[in-house]
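Atoms within each ligand, like the ligands themselves, are counted from 1 in listed order. These numbers come from the heavy atoms of this one structure, side chains and all, not from hydrogens, waters or symmetry mates.
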Amino acid sequence: MTIIVTGGAGFIGSNFIFYMMEAHPEYKIICLDKLTYAGNLSTLKSVMFKPNFRFVKLDICDREGVYHLFEEEKPDMVVNFAAESHVDRSIEDPSIFLQTNIIGTSVLMDACRKYGIVRYHQVSTDEVYGDLPLDRPDLLFTEETPIRTSSPYSSSKASADLLAMAYHRTYGLPVSISRCSNNYGPYQFPEKLIPLMIANCLSNKPLPVYGKGLNVRDWLYVEDHCKAIDLVIHKGNVGEVYNIGGHNEMQNIEIVKLICKDLDKPESLITYVTDRKGHDMRYAIDPTKIHNELGWLPETKFADGIEKTIKWYLDNRSWWGEIISGEYQKYYEKMYSNR
Ligand code: NAD
Ligand code: TDX
């Protein structure tokens, strides 16, 4: 079995590669990644020279390059993680989100049609369902919840999902889609809530909480997400959507306070800043379908997952230290100074 994993130099894609190379040592894994600001080749150093692994620097929008790779490798499956993934960046400038997340997805699926494939899997997000009110804890996103997006990011992801379903219906492409809640764990880029707060705490910098910090996210440890995708691509039905979530809703402010406590830093570092435009209030996934059909359940308790994550950032300062000392500085200044 040969699997192309796109976006494998990013957060979830790299964790998926590590997971798959352990779980299926007989598979060949090809990582296709453009190495944008969010992709980091050093993340893959432990697998880079394994005989059943290949890294290819390529943009998923590059049709000729993608077709050439398919011709060479004849993959059995494609798992598409490649995306522009940060909501705040999409609010600043949507264009690259439309290019990579929509056009890139169509190029990959065209290659799958042209060369034949047993499965194309689209890694999507709970953000395609919009948000839920804070005062209705009984409401959860199911696979039947209508698409109702808020940000350019979520709109681009929803567009890709619609295209994937259309390729299944029109061309019979064996497509599956998973929509996951917020992930956390090792190798997450420090622009996202949890690693940003850990990195700022460790540098005694202010902790910028948007609005009142009451927004709720449903946190899932990244390895549990990887296990779910492994199940969906092997045992899930084509033409189906599977929601993946941790049943672990928490307010942003609770998370930030917990990180302060764990790192023994004062809560006085917390600074309330101007809210994100169009900020979704609450996400909460109902994972009943994947549980009933494929037997998946999240295995990592939040208390254990966050402890492992904080320890990872403490033990791997050079990984994120390099990132925050480069281009990222300019981004941070632009997004957070005078906010
Ligand atoms: P990430 O930003 O950490 O990584 C994205 C990777 O894609 C990077 O390695 C980047 O170089 C690569 N990439 C970007 N544009 C590319 C292009 N045009 N061609 C090839 N490679 C390109 O993202 P992540 O957090 O690991 O998310 C991975 C996927 O999971 C995304 O599709 C995202 O929408 C989805 N998702 C993420 C979360 C989360 O909590 N992080 C939750 C649900 C779904
Ligand atoms: O500095 C911050 N302060 C803050 O209060 C940042 C970066 C975030 N926040 C808030 C905004 C959100 O309510 O924390 C929450 C989480 O923010 P992000 O880490 O940016 O994640 P989110 O916007 O929820 O989206 C994530 O989950 C779904 C991923 O980035 C997406 O790729 C995924 O689809």
Counting from 1 in the order shown, the ligand 2 atoms closer than 4.0 Å to a non-hydrogen atom of Y336 are 1 (O), 2 (C), 6 (C), 7 (C)

side-chain hydrogen bond (donor to acceptor under 3.5 Å, both in side chains) evaluation trace for N80 with Y120: CA-CA 8 Å; N80 181 25; Y120 172 84; 3.1 Å; yes

closest protein heavy atom to atom 28 (C) of ligand 2 is E127 OE2, 2.9 Å

Report yes or no: is the cationic atom of K289 (NZ for Lys, CZ for Arg) under 6.0 Å from the centre of the six-membered ring of Y242, at an angle within 45° of the ring normal?
yes

Legend entry - Salt-bridge criterion met for K227 and D230 (N-O under 4.0 Å): no

*asked:* For the residue pair N200 / Y336, report whether a side-chain donor-acceptor contact shorter than 3.5 Å exists.
replied: no

In chain-and-number order, ligand 1 lies under 4.0 Å from a heavy atom of each of G7, A9, G10, F11, I12, D33, K34, L35, T36, A38, G39, L58, D59, I60, F81, A82, A83, S85, T100, V123, S124, T125, Y153, K157, C180, S181, N182, N183

Is atom NE2 of H279 surrounded by more than 12 heavy atoms (other residues, nucleotides or ligands) closer than 6.0 Å? yes

Checklist entry - Just wondering, more than 12 heavy atoms not from E307 lying within 6.0 Å of its CD? => result no

Taking only non-hydrogen atoms of V209 and a 4.0 Å limit, the atoms of ligand 2 in range are 5 (O)

Checklist entry - Does any N or O in the side chain of N101 come within less than 3.5 Å of the main-chain N or O of A160, such that one atom is a donor and the other an acceptor? => result no

The atoms of ligand 2 lying under 4.0 Å from a heavy atom of E191, numbered in the order shown, are 7 (C)

Tightest non-hydrogen contact, residues L220 and G245, listed as CD1-C, 4.1 Å

Decide if atom CG of D264 counts as having more than 12 heavy atoms of other residues, nucleotides or ligands within a radius under 6.0 Å.
no

- Item | Min heavy-atom dist H279 to ligand 2 below 4.0 Å | yes

Review point. Hey, is ligand 2 close enough to D280 that some N/O pair sits below 3.5 Å?
Key: no

Atom 10 (C) of ligand 2 has as its nearest protein heavy atom N252 ND2, 3.4 Å

| Between the side chains of R89 and Y37, does any donor sit under 3.5 Å from an acceptor? | yes

Under a side-chain separation threshold of 4.5 Å, the hydrophobic residues clustered together with L162 are none

>> Test your reading of the structure: does N215 have an N or O sitting under 3.5 Å from an N or O of ligand 2?
In response: no

Closest to atom 21 (O) of ligand 2 (heavy atoms only, candidates I255, L193, N182) is N182

Looking only at protein heavy atoms, what sits closest to atom 32 (O) of ligand 2 is S85 O, 2.8 Å

Candidates Y153, Y210, W219; heavy atom nearest atom 31 (C) of ligand 2 found on Y153

H86/Y153 under side-chain contact (heavy atoms from CB on, under 4.5 Å): CA gap, chis, key distance, verdict
CA-CA 7 Å; H86 193 36; Y153 163 71; over 6 Å; no

Pairing donors with acceptors under 3.5 angstrom, does anything connect the side chains of T149 and S154?
no

Ranking H86, Q188, K192, R276 by closest non-hydrogen atom to atom 23 (O) of ligand 2, top hit is R276

In ligand 2, the atoms that come under 4.0 Å of a heavy atom of T125 are 28 (C), 33 (C), 34 (O)

With respect to P208, determine whether any N or O atom, backbone or side chain, lies less than 3.5 Å from an N or O atom of ligand 2.
yes

